[in-house]
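These notes concern the structure reproduced below.
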Amino acid sequence: MHPMGYDSFGLPAEQYAIQTGQHPAVTTEANVARYREQLDQLGFCYDWSREVRTSDPAYYRWTQWIFAELFESWYDTAAQCAKPISALLDMLNSDGLTSVQPACDGDWWIELPAGEYPWDESFGGALTADQWHACDARAQSHILMQFRLAYLADSEVNWCPALGTVLANDEVKDGLSERGSHPVVRKRMRQWIMRISAFSQRLIDDLNALDWTDSIKEAQRNWIGRSEGASVHFGLDNPAGSTIEVFTTRPDTIYGVSFMVLAPEHDLVESLTSAEQKEAVKAYQTAAAQKSERERQGAGEHEVSGCFTGGYAVHPLTGEKIPVWIADYVLAGYGTGAIMAVPAGDERDWKFAKAYSLAIPAIFEGVDTADSVYTGKDIALCNSNEFDGKVPIEAIPLAIAHLEKKGMGTGQVNYRLRDAVFSRQRYWGEPFPICYHGEVPQLIRDAQVTLPPVDAYLPTEDGDPPLARAKKEDWNVTRGDRMEYNTMPGWAGSSWYFLRYMDPHNSAEFCSREKSDYWGQVDLYIGGAEHTTGHLLYSRFWTKFLFDRGWIGFNEPFKRMINQGMILGRSNFVYRIQGTNQFVTFEKRKEFQTQRLHVDINLVQSDKLDVDEFMAWRPEYANAEFILNENGEYTCGHEVEKMSKSKFNVQTPDDLVESYGADTLRCYEMFLGPLTQHKPWDTQGISGVHNFLRKLHRLFNRTKASSIATDAQHRILHKTIKKVSDDLDRNAFNTVISALMIGVNELLDAEAQSAEFLQPLAILVSPVAPHLAEELWQLSGGANNVLDQAWPAAEERWLTSDEVTYPISFNGKVRFKLTVPADLDAKSVESQVLTHEKAQDYITGKTVRKVIVVPGRIVNIVLS
RNA sequence: GCGGGUGUGGUGAAAUUGGUAGACACGCUAGAUUUAGGAUCUAGUGCCGCGAGGUGUGUGGGUUCGAGUCCCUCCACCCGCACCA
């Protein structure tokens, strides 16, 4: 099966709709037709009866169905398996949460206030059946939401107030929106989220059985980021009885804790902060919120910053008072958003302690940590009571046991992988099959929700997503108080399409079990390594989910994968002066604070921008102003990078097909280099490949029916058959082309003229140059179609030769060549070489220490 | 900083298991042919050297009869993630 489809929801179509007012379905349709034309023109053999489009309601109906099933599922951590929510309900009704551990946030009850739920302040998550029964329907639905695999929760987004919309990281440049150069802030928003983190361990473990490159597997492991350590509770005075939970990979260093740090957004910051510190803390929090995620984490040198809350925690083992700070370097989204700081043993804690003159207790034997930090694991601990004299490898398990005994902590495994935000405030995506009764979301399962028409593809004035523009009667289904206004992200439809290929027209199921059992996993997946931490992880997640629930019989989507290299393009840039609509030429860009923006390469000739076309390109540039160079021109910057729609550096194959033909383009692309390597798109060498195809044509054009092939010609042909077959098997398409070039050159030299003899060559060429191959097949008198012919076999008798030429080397340096009968044994080769007159020149006056004869390959004579 | 990848002529690259480094092309040089050409053909083309020869796969070392290939060291560039407790 060799199918093709379109991941046809997404930003470029939506952006175009915003600019032109045309419905994205219309432009998408046109684009698909265009792609199909190009694919056909290039001679690709896809099974078009299996084509899918993620934006087709008949397809996204099943994307919606999978979402609904995720919503109706929870994860049993004991069984490591996704299960239907009905099973969890049964448990809750009989035992509460006493005998089951659903995957959830460590403090899932934190946003369910004690007053409104049947528990008090000291509730720690151990819900009883009685408490469950005491909840009303609304409360029960909120509790269940904490355990669903698709759930609603607050999450931070890039919010651009001026545009009234949420931006992707891609659309934010230097803290300003790429479009319009407006400020962007971080904002909490109610979002659909996928509980991929529940699958973390399986996503790591199951990598072992996959035939993928080690680099991709390693990158996924790092992304998932398993770390072992302990969860430790630090008590607080205020509010009395409360605790800060931290995760640490080094519980053995707990006696070196001299302060604690919370993320500025941490829930406990408010109650911890003393009256005197209130203002400073507030200011720090505001400053942190105004920084974009990129700025806060990445930008430039990491300057330490933080603020004392005025509050204190209690050390779980020593009972000492420990100051609690907030700082940027602790991330709200990782672990518990809080750390115990051990300045002696952690780089960042050490820098922080130095910057704010906090104590650095010495806990490593013979190491003075006043001047430098020690992060190794080879030195024994000191000043650590029961861990004194032990190296970390011994002390870590001891520390965990000790904390557990005292009830102050537990051993824990943490994963870096975060749950995946599944909402987009966009129009051109799958609508959710969800309506709301008040705050409570409800699934719509008896009818498919399709995208309603809207008057504009922009957010509403209140900042609601575009779908909020649809009036009640615009929706094909309306339920509850309102419909869900968000749409699904791009990766929704692309996470399962390979299953739809197996059963593309099924209107009763996403894919019948019979079909998925028949086809099984994808045997070979050729895709880009740039999807490592996105698509390739999400597909694995959804596959495991569908497997757990019994809808498919395998738990990994892609058995074997080859990562093709990216084709790189040459991008052009313009430089916008920050906060203005003024663009400065490349030569003068350093005189201003600018944002570098991609510009469509079609508007640029030899790096000179056509400013009129540029102004017409997008409405926001209609009244752009330009600062030109001395020649009155606007020069663009340039860079070679991934060829991509979002970088506006895409070159279409059309012109090349026009002047050289589709077969030349196909062959040239293969000839450029190995499949897995990145290659800049450069058409310089295309004439060489074009020449080759013309020579090939000439070879077939001068055939004579009466001609009979010589032995030498047979040897050339069969050598070529073998090389091409072998190289195709190992996906070395670049050397397939050069083997064919060599074969054709040699056959031309050998004046091959027998049409029948040349027929296998036409078949060899058919995978790389199908159009020409068909013509050659006809020219050589072949019947029917070249593509239906059996692949030629290389005959052994033409591959062997009765003679073999040995390179003769002395001390590893090749000096001359010697041709001997192929069946001559090593001993005889040796004596022939040593008695050869040319050998005497090198041997004379020296001692032959050793003679190495590698049969069929080389002879090496070691002299001293 | 962490992780991954890549380093071979002027350029894209080949060398599949440790066995003649630079196949096959592009480009370049010279010549032939042509009204002309960015067409075609012939010869040459890693570097140094008139030559014999020497030298050469990012650097330095090692293993081996033999290393682009294996081991160690360092360097450069590219990609991803960027304070992950």
Side-chain angles (χ1 to χ4, degrees), chain A residues 213-223 225-227 229-230 232 246-251 253 260-261 263 293-294 296-299 302-304 327-331 333-342 345-349 351-352 414-418 529-530 532-533 563 565-566 568 640-642 668 671-674 676-680 682-692 694 723 726-727 729-730 732 734-743 745 805-817 849-854 856-863:
Chain A
T213 61
D214 289 338
S215 67
I216 295 264
K217 291 199 215 179
E218 199 52 33
Q220 286 209 347
R221 281 190 201 103
N222 289 335
W223 185 260
R226 178 190 159 102
S227 54
V232 186
V246 301
F247 175 74
T248 175
T249 54
R250 294 294 301 274
T253 61
M260 298 189 73
V261 187
E293 193 167 353
R294 289 256 164 105
R296 202 173 137 176
Q297 296 171 348
H302 290 149
E303 277 175 40
V304 196
D328 257 358
Y329 83 89
V330 173
L331 307 175
Y334 181 75
T336 61
I339 60 151
M340 59 177 218
V342 182
D346 182 280
E347 187 93 41
R348 290 151 303 164
D349 297 347
K351 274 192 192 155
F352 196 81
N414 230 21
Y415 300 91
R416 194 189 87 118
L417 182 66
R418 286 187 236 171
E530 67 270 27
T532 302
T533 54
N563 303 113
M566 284 185 287
L568 309 178
V640 172
E641 57 182 351
K642 174 185 175 182
Y668 183 59
F671 188 63
L672 270 180
T676 55
Q677 219 166 77
H678 292 191
K679 294 163 284 256
D682 173 5
T683 54
Q684 286 267 306
I686 200 165
S687 63
V689 174
H690 190 232
N691 245 341
F692 151 67
R694 291 174 53 184
K723 175 77 176 152
D726 289 353
D727 287 359
D729 278 347
R730 60 188 185 102
N734 53 329
T735 54
V736 165
I737 304 293
S738 56
L740 288 168
M741 286 175 168
I742 294 167
N745 286 340
T805 301
Y806 282 96
I808 312 300
S809 57
F810 295 83
N811 287 338
K813 290 193 171 73
V814 176
R815 298 299 181 179
F816 65 94
K817 283 170 192 175
R849 291 254 174 238
K850 203 170 175 184
V851 179
I852 289 131
V853 177
V854 184
R857 301 226 78 142
I858 199 170
V859 176
N860 190 20
I861 296 143
V862 187
L863 303 170

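Labels below follow one simple rule: chain letters A, B, ... track the order of the sequence lines, proteins then strands, and each chain is numbered from 1.
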Apply salt bridge (Lys or Arg N to Asp or Glu O under 4.0 Å) to A:K723 and A:D727, showing your working. CA-CA 6 Å; A:K723 175 77 176 152; A:D727 287 359; 3.2 Å; yes
Test log, rule side-chain contact (heavy atoms from CB on, under 4.5 Å), inputs A:L740 and A:F692: CA-CA 9 Å; A:L740 288 168; A:F692 151 67; 3.7 Å; yes
In sequence, state the C-alpha distance, the side-chain angles, and the governing distance for A:N563 and A:T676, and then conclude on side-chain contact (heavy atoms from CB on, under 4.5 Å). CA-CA 6 Å; A:N563 303 113; A:T676 55; 5.6 Å; no
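Residue-environment remark: CZ (A:R730) exceeds the threshold of 12 foreign heavy atoms within 6.0 Å. In the displayed structure, A:R815 atom CZ is contacted under 6.0 Å by more than 12 heavy atoms of other residues, nucleotides or ligands.
B:G60 and B:U69 have their P atoms separated by 13 Å, given to the nearest Å. One P atom belongs to B:G49, the other to B:U35, and the distance between them is 42 Å to the nearest Å. When the P atom is compared between B:G22 and B:A67, the two are found 16 Å apart, to the nearest whole Å. Taking the C1' atom of each, B:A13 and B:A85 are spaced 47 Å apart, rounded to whole Å. Using P as the reference atom, B:G58 and B:U8 are 6 Å apart when rounded to the nearest Å. With both ends at atom P, the span from B:G38 to B:A30 equals 13 Å, rounded to whole Å. Spacing between B:U40 and B:C47 at atom C1', rounded to whole Å, works out to 32 Å. For the C1' atom pair drawn from B:U59 and B:C50, the interatomic distance equals 34 Å after rounding to whole Å.
A residue-by-residue look at A:G685 and A:S227 shows that A:G685 has its nearest nucleotide of RNA chain B further toward the 5' end. Positionally, the nearest nucleotide of RNA chain B for A:G688 lies more toward the 5' end than for the other of A:K850 and A:G688.
To the nearest angstrom, C1' of B:C26 lies 8 Å from OH of A:Y668. Across the protein-nucleic acid pair, A:M340 atom CE and B:C84 atom P stand 15 Å apart, rounded to whole Å. Rounded to whole angstrom, the span from the CZ atom of A:R250 across to the C1' atom of B:C84 amounts to 16 Å. Between the CZ atom of A:F816 and the C1' atom of B:G53 there is a distance of 18 Å, rounded to whole Å. Across the protein-nucleic acid pair, A:N563 atom CG and B:C79 atom P stand 17 Å apart, rounded to whole Å. Taking atom CZ of residue A:R815 and atom P of nucleotide B:A52, one finds them 13 Å apart after rounding to whole Å. Note: CG (A:L740) to C1' (B:C24) measures 11 Å, nearest angstrom. With rounding to whole Å, A:N811 atom CG is found 11 Å from B:A67 atom P.
An anti orientation is assigned to B:G49, its glycosidic angle lying beyond 90° of 0.
Helical stems involving RNA chain B, defined as 3 or more consecutive Watson-Crick or G-U pairs under 3.5 Å, span B:1-7 with B:75-81, B:10-12 with B:24-26, B:27-32 with B:40-45, B:46-48 with B:53-55, B:60-62 with B:70-72.
In terms of modelled atom types and a separation under 3.5 Å, the side chain of A:Y334 and the main chain of A:R416 share no donor-acceptor contact. The backbone N or O of A:L672 lies less than 3.5 Å from no partner atom in the side chain of A:N734, so there is not a single donor-acceptor pair. At distances below 3.5 Å, not a single donor-acceptor pair connects side-chain atoms of A:N414 with backbone N or O atoms of A:S227. With hydrogens and angles disregarded, no donor-acceptor distance shorter than 3.5 Å links the side chain of A:R226 to the backbone of A:Y415.
A:I339 contributes atom CD1, which lies 8.5 Å from atom CZ of A:F352 (distance to the nearest 0.5 angstrom). Residue A:N222 holds its CG atom at 10.5 Å from CD of A:Q220, rounded to the nearest 0.5 Å.
Distance from the side chain of A:I742 is smallest to B:A23 among B:U55, B:A23, B:G4. In the set B:U55, B:G3, B:A85, B:G3 carries the atom at the smallest distance from any side-chain atom of A:N222. The side chain of A:W223 has B:C81 as its nearest neighbour among B:C65, B:C24, B:C81. Proximity note for A:M741 (side chain, C-beta onward) versus B:U40, B:A85, B:C24: the nearest is B:C24.
No hydrogens or angles considered: a donor-acceptor pair under 3.5 Å links the side chains of A:S809 and A:N860.
Within 4.0 Å (heavy atoms only), A:R226 reaches no atom of the nucleic acid at all. Looking at heavy-atom distances under 4.0 Å, A:N745 makes contact with sugar-phosphate atoms alone, never a base.
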Quick tally for nucleotides 11-22 of chain B: nucleotides whose base has a protein heavy atom under 4.0 Å get B, sugar-phosphate-only ones S, the rest -, giving -BSSSB--BB--
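Proximity of A:R348 to the phosphate of B:G1: no side-chain N or O atom is located under 4.0 Å from OP1 or OP2.
Using a 4.5 Å heavy-atom cutoff, the side chains of A:H690 and A:Y668 are not in contact.
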Every protein N/O within reach of nucleotides 28-34 of chain B N/O, cut-off under 3.5 Å:
none

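In terms of heavy atoms, A:V862 sits closest to A:N811 at CA-OD1, 3.5 Å.
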